[in-house]
Asks: 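Quick one: the structure is below, questions incoming.
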Amino acid sequence: MTATLMHAPLTCSLAARIAAAEGDVALDINYVNLRTKLFEDGSSLLDINPLGQVSTMILPAGELLTETATVLLWLQSQSTKQGFYRGPEDKDYFQLVRWLGFCATELHKQIFRVVFYPEATDEVKNKVRCLAPERFAVLNNHLADREFLLGDTFSAADAYLTWFFVLVKNAKLDASSYTHLHVYSERMLARPKIKALIESDRAKDLAMDQQIIPE
Ligand SMILES: N[C@@H](CCC(=O)N[C@@H](CS)C(=O)NCC(=O)O)C(=O)O
């Protein structure tokens, strides 16, 4: 039995697809248009998750799992790929939870939630963009002597951070002067499985006429 990810192209559920691909975890995909909240069969995401949000996943036993960080943690716990699996017994487990929390609260909700929110004024969006440099600096320092957020191996936290960089230009943010972070993000975006997922999502976003991410 396989988990099913409710996936809206280019949104944070892309991080879950990246983690599953990198960790060799099988995942069924049910595409949802986040603008209309409708799946391709006409049913509604709101009937599964009343907030109408992704990431939303149905586990193999039928249980509902929401919250991108939790979905990513679950995917990492299911991997049998050498170096990818992490569970509470691993010494860097809490570093994994730390960086998932950082991505969720400091980048995703704190910044993207506002700059991609159509109702927010430009003044508010620009104020929120001013929060980015400090956060980029934290990541830049951390990545100065590490290939990945956890050190030597790709983890679900890298999947979440990589998704942020898929949309960083659309958010009118520029991290290119943070050398270590910039090199890291370019390296992540060039990984073959990640590149293929981004290209596939861009095409699907257009085909579904979702297009919720501003140019
Ligand atoms: N708390 C949720 C929220 C994630 C979230 O904001 N998802 C966005 C897409 S990246 C979404 O579903 N937006 C639609 C909406 O809020 O109506 C999580 O951590 O997964």
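Excluded from the calculations below are hydrogen atoms, water molecules and symmetry mates; all remaining heavy atoms, backbone and side chain alike, are included. Whatever order the structure lists ligands and atoms in, that order sets their numbers, starting from 1. Residue numbers start at 1 and run along the sequence shown.
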Asks: How far is atom 17 (O) of ligand 1 from its nearest protein heavy atom, and which residue and atom name does that atom have?
Replies: Lys37 NZ, 2.9 Å
Asks: Starting from atom 1 (N) of ligand 1, which protein heavy atom do you reach first, and at what distance in Å?
Replies: Glu67 OE1, 2.5 Å
Asks: Under 3.5 Å, side chain of Trp163 to main-chain N/O of Leu10, donor-acceptor pair present?
Replies: yes
Asks: Find all atoms of ligand 1 within a distance of less than 4.0 Å from any non-hydrogen atom belonging to Thr68, and give their numbers and elements.
Replies: 18 (C), 19 (O), 20 (O)
Asks: Starting from atom 6 (O) of ligand 1, locate the nearest protein heavy atom and write down its residue, its atom name and how far away it is, to 0.1 Å.
Replies: Lys109 NZ, 2.7 Å
Asks: Report the nearest protein non-hydrogen atom to atom 4 (C) of ligand 1: residue, atom name, distance rounded to 0.1 Å.
Replies: Val54 O, 3.1 Å
Asks: Is there a heavy atom in Ser55 that sits closer than 4.0 Å to ligand 1?
Replies: yes
Asks: Of the options Arg86, Lys81, Gln82, which is the one that meets Thr153 in a side-chain hydrogen bond (donor to acceptor under 3.5 Å, both in side chains)?
Replies: Arg86
Asks: Applying a heavy-atom cut-off of 4.0 Å, say which part of Leu34 lies close to ligand 1: side chain, backbone, both or neither.
Replies: side chain
Asks: How about Asn140 and Tyr184: does a side-chain donor come under 3.5 Å of a side-chain acceptor?
Replies: no
Asks: Centres of the Phe164 and Phe112 rings: under 6.0 Å?
Replies: yes
Asks: Please determine whether a side-chain nitrogen of the Lys or Arg among Glu186 and Arg191 lies less than 4.0 Å from a carboxylate oxygen of the Asp or Glu.
Replies: no
Asks: Decide whether His7 and Ser13 meet the rule of one side-chain donor and one side-chain acceptor closer than 3.5 Å.
Replies: yes
Asks: Which atoms of ligand 1 have any heavy atom of Thr11 under 4.0 Å away?
Replies: 9 (C), 10 (S)
Asks: If you have a sec, work out which protein heavy atom is nearest atom 10 (S) of ligand 1 and how many Å separate them, to one decimal?
Replies: Cys12 SG, 3.1 Å
Asks: Take Ile29 and Arg17, measure what side chain to side chain contact (heavy atoms under 4.5 Å, CB included) needs, and give me the verdict at the end.
Replies: CA-CA 9 Å; Ile29 302 298; Arg17 291 198 74 186; 3.5 Å; yes
Asks: Can you tell me which residue and heavy atom of the protein come closest to atom 16 (O) of ligand 1, and the distance to 0.1 Å?
Replies: Gln53 NE2, 3.2 Å
